[in-house]
Amino acid sequence: NAGVTQTPKFQVLKTGQSMTLQCAQDMNHEYMSWYRQDPGMGLRLIHYSVGAGITDQGEVPNGYNVSRSTTEDFPLRLLSAAPSQTSVYFCASSGLGQRTGELFFGEGSRLTVL
Amino acid sequence: LAKTTQPISMDSYEGQEVNITCSHNNIATNDYITWYQQFPSQGPRFIIQGYKTKVTNEVASLFIPADRKSSTLSLPRVSLSDTAVYYCLVAESGTYKYIFGTGTRLKVLA
């Protein structure tokens with residue numbers, strides 16, 4: 001099983017450029033989310049979704065857009081990249097039902113904004 | 001807000017038992033507590049989860065008191081490879097908004 005797949009693994013952008021980080025899961029999970037992790041820091045929730053067509057903001061949503069048109073995919077869009085968005089981005093998924101907090105994470109996408 | 005509080009760092013020696021406590025005063029009645037391990041340049045890895053009392057698996061135990069306002073992750077006989085950051089995770093009350101705390105950086109010494 002592939003689990004949670006993130007692409008690209010590495011990306012370098014210039015300030016002001018836009019891009020989309022892709023996340024796909026093959027576990028039929030309703031819940032998906034995006035976190036960012038700055039060097040030496042913890043994970044901060046950007047956006048999350050509990051199903052197709054439903055998204056909500058996390059702790060640090062500014063500068064990012066998401067949409068959820070299918071159960072499998074949850075892309076994260078950077079509208080106008082800034083150096084402060086240099087970070088490692090993790091996508092996670094989980095089944096719904098009881099809030100057990102058992103999240104399945106992708107391997108991460110390392111983004112550098114120059 | 002579902003805010004968790006953990007010690008920032010801990011040191012231990014190989015072979016010792018390590019206990020990391022997390023406080024989560026605002027946990028919702030039906031929500032679980034979940035613990036993760038993270039190595040550098042990797043995503044978090046699920047270790048254990050529990051609702052109340054004690055849960056044990058092949059790598060750790062989780063102790064949760066009756067009031068559920070805290071939990072303690074217990075790692076028996078740690079080795080150098082257990083050096084990592086450990087996070088407890090609960091959902092913001094009534095939502096699927098999972099907020100990680102700062103984590104505990106465990107360093108195991110030879």
Asks: Test of understanding: clusters of I, L, V, M, F, W, Y form through side-chain heavy atoms closer than 4.5 Å, transitively. Do A/Leu103 and A/Leu45 belong to the same one?
Replies: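 Result: yes, single cluster for both.
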
Asks: Can you tell which part of A/Gln37 gets under 4.5 Å to a heavy atom of chain B, answering side chain, backbone, both or neither?
Replies: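 Side chain of A/Gln37 only, per the 4.5 Å heavy-atom cut-off to chain B.
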
Asks: Between A/Phe105, A/Phe104, A/Phe90, who has the most heavy-atom pairs with chain B when the cutoff is under 4.5 Å?
Replies: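 Looking at each of A/Phe105, A/Phe104, A/Phe90 in turn, A/Phe105 comes out on top.
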
Asks: Heavy atoms only: give me the nearest A/Gly40-B/Arg105 pair and the separation to one decimal.
Replies: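 Of all heavy-atom pairs spanning A/Gly40 and B/Arg105, the closest is O-NH2, 3.7 Å.
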
Asks: Quick one: does A/Tyr31's side chain have a donor or acceptor within less than 3.5 Å of a partner on B/Tyr96's backbone?
Replies: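 Here the side-chain-to-backbone pair exists.
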
Asks: Is there a path from B/Val78 to B/Val59 through hydrophobic residues (I, L, V, M, F, W, Y) whose side chains come within less than 4.5 Å of each other?
Replies: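 Yes, B/Val78 connects to B/Val59 through the hydrophobic network.
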
Asks: Atom OH in B/Tyr98, atom CD in A/Glu59: separation rounded to 0.5 Å?
Replies: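 These two atoms lie 14.5 Å from each other.
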
Asks: Chain B heavy atoms under 4.5 Å from A/Leu43: which part of the residue, side chain, backbone, both or neither?
Replies: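 Its backbone and side chain both get close to chain B.
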
Asks: Please state whether the side chain, the backbone, both or neither of A/Arg44 comes within less than 4.5 Å of a heavy atom of chain B.
Replies: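 Contact with chain B: none, neither part.
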
Asks: Mind checking whether B/Phe100 and A/Tyr35 have ring centres under 6.0 Å apart?
Replies: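 Centroid distance B/Phe100-A/Tyr35: below 6.0 Å, so yes.
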
Asks: State plainly whether one hydrophobic cluster holds both A/Met19 and A/Leu79, where clusters connect Ile, Leu, Val, Met, Phe, Trp and Tyr through side-chain heavy atoms under 4.5 angstrom apart.
Replies: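 No, separate clusters.
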
Asks: Heavy-atom distance under 4.5 Å to chain B: side chain of A/Val88, backbone, both or neither?
Replies: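 Nothing of A/Val88, per the 4.5 Å heavy-atom cut-off to chain B.
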
Asks: Counting only heavy atoms not in A/Glu30 (residues, nucleotides, ligands), do more than 12 fall under 6.0 Å from its CD?
Replies: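 Atom CD in A/Glu30 is packed in, count exceeds 12.
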
Asks: Please report the interatomic distance OG1(B/Thr95) to CG(A/Asp56), rounded to the nearest 0.5 Å.
Replies: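 Between atom OG1 of B/Thr95 and atom CG of A/Asp56 there are 8.0 Å.
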
Asks: Nearest heavy-atom pair of B/Thr34 and A/Glu102: which atoms, and what distance?
Replies: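 Smallest interatomic distance, heavy atoms only, reads OG1-N, 4.2 Å.
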
Asks: Treating Ile, Leu, Val, Met, Phe, Trp and Tyr as nodes and any side-chain heavy-atom pair under 4.5 angstrom as an edge, say whether B/Phe63 and B/Leu89 lie in one connected cluster.
Replies: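 In one cluster: no.
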
Asks: Does A/Val60 belong to the same Ile/Leu/Val/Met/Phe/Trp/Tyr cluster as A/Tyr89, with side-chain heavy atoms less than 4.5 Å apart forming each link?
Replies: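 Result: yes, single cluster for both.
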
Asks: Identify which part of B/Gln49 has an atom lying under 4.5 Å from any heavy atom of chain A, answering side chain, backbone, both or neither.
Replies: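 Interface part for B/Gln49: side chain.
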
Asks: So, taking the atom named CE in A/Met41 and the one named OG1 in B/Thr102, what distance separates them when rounded to the nearest 0.5 Å?
Replies: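 So the gap between those two atoms works out to 9.0 Å.
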
